[in-house]
Amino acid sequence: MTIQINNVLTRQKSPFTPLEDNTVRIYVCGVTVYGRCHVGHLRCYLSFDAIVRYFAYKGYNVAYCRNFTDIDDKIIARAKEIEAGPEGEWRQAAAYADYDDAQWQTRLAEDDVIRNRAKADDRHLAEVVSDYFIDIFSNDDFGPFDLFPATSEPRVSQNIPEVIALIEQIIDNGYGYESCGDVYFDVAAYHEKTGQYGKLSGRDFKQMMDGARVAPGDKKRNAPDFALWKSAATGDPAWPSPWGDGRPGWHIECSAMSHKELGTPFDIHGGGKDLIFPHHENEIAQSEAGLGHAFCNTWIHNGFVTVDGVKMSKSLGNFISIQEALKMAPPEVWRMVVLGTHYASPIDFSRTRKETEGDETVRGTIDIAFDRVEYFYETLKRADEAVGADPISDDATVLADERGQAIIDTFEKMMDDDFNTARAMAVIGESMKYVNELCDMKAKQIKKLDGGKESWRRTLQKAATDLRVVLGALNLCKAKPEEALAAMRDFSAKARGIDAAKVEQLMLDRAEARKEKDWARSDEIRDALAAMGVELRDGVGGSDWKVARN
RNA sequence: GGCGCCGUCGCCAAGUGGUAAGGCAGAGGUCUGCAAAACCUCCAUCACCAGUUCGAAUCUGGUCGGCGCCUCCA
């Protein structure tokens, strides 16, 4: 089956065919590195990670380019704040109004590090700012998530000649003009010639022209025009160009770097929904104006992470940083959170809470996903144990049940339909249920099965193997179940301050009591453990414990 | 104001013309010393109104409500 993708550009779901052989060339707009990443960025990277991994799973070669925008007004602004120091007036800005002491402490410590590095290496502060946050991005923030490796991670600062060359082409083709050291894209000229401006975002060019006026003193001809090159103010990072010292405008870097890294036209361009306008609209316009041919075939955009229904963003200050996120749940759980929703839909972030009316507890997205990952691992563990190490007789067949036989086919069917990871997770869950059903069977029931115990084992073996294939395709549940479960228990125990040694001791006491059928004592210990937040599971091979989630 | 998206069971969330996936919570059951876990069963006609159609959650128009973009933004 071919993959169907909902293309934002055509507003249609259509079959995907690569432009070149068996290679998928995909570009995802990366971050502007002026600060730490939040869960919204995480969602973006994990959503596209699933998409890219699925292409690889289907046998495509993947050329995956993820850029860093490391030249930008915000980076310069941050550099200026650092330069002004902790007593600077910038601290009064509205953006910092909600900062608490801890946030200030982190922020100022970070500023110190950057300031000292710049001094030691004699580099421009802005340059050190972006370096610093690229490092944070790659190691602290996304290191733990084991993302599919990008084929290239270009940075604007290392592609200035390409940027300048593209701007020159745009000017040569009559779609750009210089104005007092700046260069602007002439949207009107472009639209008159091609009628293409607004095709991605569905905006009407005429209305855009009517709707906005050029402010007096503005260097642009028309309001929709945007900067390709910005002349440098004193002290700003700057590069020489035919129009004087300056830096690339926003948008142009993605055009230049995608063209260089992937070639144009390429297959897929992605990013957050908020980039559709103006970023991606402008990217298409300037690319096609400069290159003289199509830029990219398929455009896909991920939905936002919202908090209480409102978009999570740096400017609103309602974001959860990735560092905070990692304290709430391990990386794999976050992956589960993201995969539980279709990439284009919003994910409303919520934590377990008590309903205001009544005392009912509503479980949050994170906790539910945590349990789900545990359930998957527990099921795989049961299946492994049931199959055992002994060889299975050759004539054993897989039992006739779709849930066991069609795991891979069903998974692919779901994923082929616009990467519907939510449905994929649902069918995986159904198969997990089936595995548990088989594992729950008594010897007598197993004997009655068509093919008896050997078929039962064969079926479980196949199901476990296939489940690992499809989960692995999305980079889930790759660890050994026992290890993953132990790590998750440790994580929860630590978060709740549970003393594992003490729990183990109480478990031993209880085992003793149970042996003597002292149920009162046994239950007493269970209650004590419950009060600590520990849940017991008595099994045939002894008791186990886990941290209660609520 | 312009453009766009959304409104599906108490909560989360799939589903773009063929008669409502899945998860959480809840109820009942199997199992268990009792529990827990696991499994089984039950639990919605899709904001509202009017159309198109043999047939609509899915298409059209309108109403109400929410959100996003239009300035930086994953």
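Since this is a predicted model, take the numbers as computed values, not measurements. Order of the sequence lines fixes the chain letters, A, B, ..., with proteins taken first and strands second; residue numbering starts at 1 for each chain. As a basis for the values below, the full set of heavy atoms in this structure was taken, side chains included, without hydrogen atoms, waters or symmetry mates.
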Pairing partner of B/C34, by Watson-Crick or G-U wobble and under 3.5 Å for both distances, is none

Using Watson-Crick geometry (N1-N3 plus N6-O4 or O6-N4) or G-U wobble (N1-O2, O6-N3), each under 3.5 Å, B/C43 is paired with none

pair_partner(B/G1), Watson-Crick or wobble, both distances < 3.5 Å, evaluates to B/C70

In whole angstroms, the gap separating C1' of B/A14 from CG of A/Asp348 amounts to 17 Å

Point to revise | Side-chain donor or acceptor of A/Asn318 paired with backbone N/O of A/Lys311 under 3.5 Å | key: yes

Sorted by chain and residue number, the ring pair (Phe, Tyr, Trp, His ring centres under 6.0 Å) partners of A/His301 (sequence neighbours excluded) come out as A/His280

Among B/G33, B/C69, B/G15, the one nearest any side-chain atom of A/Lys311 is B/C69

For A/Arg203, the side chain to side chain contact (heavy atoms under 4.5 Å, CB included) test, sequence neighbours excluded, returns A/Ser201, A/Met208, A/Phe277

Is any N or O donor-acceptor pair between the side chain of A/Asn420 and the base of B/G15 shorter than 3.5 Å?
no

Give me the distance, rounded to whole Å, that separates B/C42 from B/C9 when you measure between the C1' atoms they each carry. 13 Å

Applying ring pair (Phe, Tyr, Trp, His ring centres under 6.0 Å) to A/Tyr45 and not counting sequence neighbours gives A/Phe137, A/Phe142

With the side chain defined as heavy atoms from C-beta on, A/Arg423 is closest, among B/G33, B/A74, B/A14, to B/A14

Handout entry: Sugar-phosphate only, base, or nothing, as touched by A/His38 at under 4.0 Å among non-hydrogen atoms
Key = base

| message | Does any part of the side chain of A/Leu460, heavy atoms only, come nearer than 4.5 Å to the side chain of A/Cys439, both counted from C-beta? | response | yes

Does the side chain of A/Arg372 reach to within under 4.5 Å of the side chain of A/Leu339, using non-hydrogen atoms? no

Rounded to whole Å, the CZ-C1' distance (A/Phe319 to B/C72) equals 14 Å

In Watson-Crick or G-U wobble terms, with both distances under 3.5 Å, the base opposite B/A50 is B/U60

Review point. What integer number of Å spans the C1' atoms of B/C54 and B/C12?
Key: 36 Å

Notebook entry, point to check: Does A/Tyr375 make a side-chain N or O approach to OP1 or OP2 of B/C39 shorter than 4.0 Å?
Noted result: yes

Side chain to side chain contact (heavy atoms under 4.5 Å, CB included) filter on A/Ser543, not counting sequence neighbours, yields A/Met507, A/Arg510, A/Arg514, A/Asp538

Side-chain contact check for A/Asp523: nearest option of B/A14, B/C34, B/A38 is B/C34

Could you give the distance separating B/G23 and B/G65 at their C1' atoms, to the nearest angstrom?
27 Å

- prompt: Heavy atoms under 4.0 Å, any strand shown: does A/Met312 hit a base, just sugar-phosphate, or nothing?
  reply: base

So salt bridge (charged side-chain N to carboxylate O under 4.0 Å, His left out) across residues 136-145 of chain A, not counting sequence neighbours, yields none

For B/G10, the nucleotide meeting Watson-Crick or G-U wobble distances (both under 3.5 Å) is B/C24

Check: At under 4.0 Å between heavy atoms, what does A/Gly303 touch on the DNA or RNA strands: base, sugar-phosphate, or nothing?
Finding: base

With sequence neighbours left out, the residues meeting salt bridge (charged side-chain N to carboxylate O under 4.0 Å, His left out) with A/Arg66 are A/Glu153

Check the phosphate of B/U16 against A/Lys13, side-chain N and O only, distance under 4.0 Å to OP1 or OP2. Yes or no?
yes

Which value, in whole Å, describes the distance between the C1' atoms of nucleotides B/C43 and B/U71?
48 Å

Could you list the protein-to-nucleotides 25-29 of chain B atom pairs, N/O on both sides, closer than 3.5 Å?
unit_1	atom_1	unit_2	atom_2	d
B/A25	O2'	A/Glu360	OE2	3.0

- Task: Using only side-chain N and O atoms of A/Asn436, determine if any of them is under 4.0 Å from OP1 or OP2 of B/C39.
- Result: yes

Sorted by chain and number, sequence neighbours left out, ring pair (Phe, Tyr, Trp, His ring centres under 6.0 Å) with A/Tyr96 holds for A/Trp90, A/Tyr99, A/Trp104

Checklist entry - Taking the C1' atom of each, how far is B/A47 from B/G22, in whole Å? => result 23 Å

Q | Between B/A13 and B/A56 - P atom distance, rounded Å | A | 27 Å

Report task. Answer yes or no: does a side-chain N or O of A/Lys433 lie under 4.0 Å from OP1 or OP2 of B/G23? Result -> yes

Winner on side-chain proximity to A/Ala422, out of B/G68, B/A36, B/A14, is B/A14

Of the listed B/C69, B/A14, B/G33, the closest approach to the A/Arg510 side chain comes from B/G33

A/Glu437 vs A/Arg403, test: salt bridge (charged side-chain N to carboxylate O under 4.0 Å, His left out). Steps then yes/no. CA-CA 11 Å; A/Glu437 192 182 312; A/Arg403 289 174 297 173; 3.2 Å; yes

Problem - N/O (side chain, A/Lys442) to phosphate O (OP1/OP2, B/C31) under 4.0 Å - result: no

Per atom distances to the A/Glu437 side chain, the nearest of B/C40, B/A14, B/G68 is B/C40

Please write out the pairs of protein N or O atoms and N or O atoms of nucleotides 43-46 of chain B separated by less than 3.5 Å, giving the distance to one decimal.
none

Requested in this report: Indicate yes or no: at least one non-hydrogen side-chain atom of A/Ile252 is less than 4.5 angstrom from one of A/Phe185.
Outcome: no

Exercise. Taking the same atom, P, in B/G18 and in B/U60, what whole-Å distance lies between them?
Worked result: 16 Å

Among B/C69, B/A36, B/C24, the one nearest any side-chain atom of A/Arg537 is B/A36

5'-most contact on RNA chain B (nearest-nucleotide basis), A/Val310 vs A/His279, goes to A/Val310

Rounded to whole Å, the CZ-C1' distance (A/Arg36 to B/A74) equals 18 Å

Distances under 3.5 Å between protein N/O atoms and the N/O atoms of nucleotides 2-4 of chain B, please, pair by pair.
unit_1	atom_1	unit_2	atom_2	d
B/G2	O3'	A/Gln207	OE1	3.4
B/G2	O2'	A/Gln207	OE1	2.9
B/G2	N2	A/Arg203	NH1	3.2
B/C3	O2'	A/Gly202	O	3.3

Measuring only the C1' atom in each nucleotide, how far is B/G7 from B/C46? A whole number of Å is fine. 10 Å

Nearest-nucleotide check on RNA chain B, A/Met432 vs A/Gly40; residue mapping nearer the 5' end is A/Met432

Exercise. A/Arg526 near the nucleic acid: base, sugar-phosphate alone, or nothing, with a heavy-atom cut-off under 4.0 Å?
Worked result: base

Residues passing the salt bridge (charged side-chain N to carboxylate O under 4.0 Å, His left out) test with A/Lys74, sequence neighbours excluded, are none

### Message
Ignoring hydrogens and geometry beyond distance, is the side chain of A/Asp538 in donor-acceptor contact with the base of B/C34 at under 3.5 Å?
### Response
yes

Of all heavy-atom pairs linking A/Val8 and A/Ile300, the shortest is CG2-CA, 4.2 Å

Under 4.0 Å between a side-chain N or O of A/Ser345 and OP1 or OP2 of B/C6? no

The ring pair (Phe, Tyr, Trp, His ring centres under 6.0 Å) partners of A/Phe376 (sequence neighbours excluded) come to none

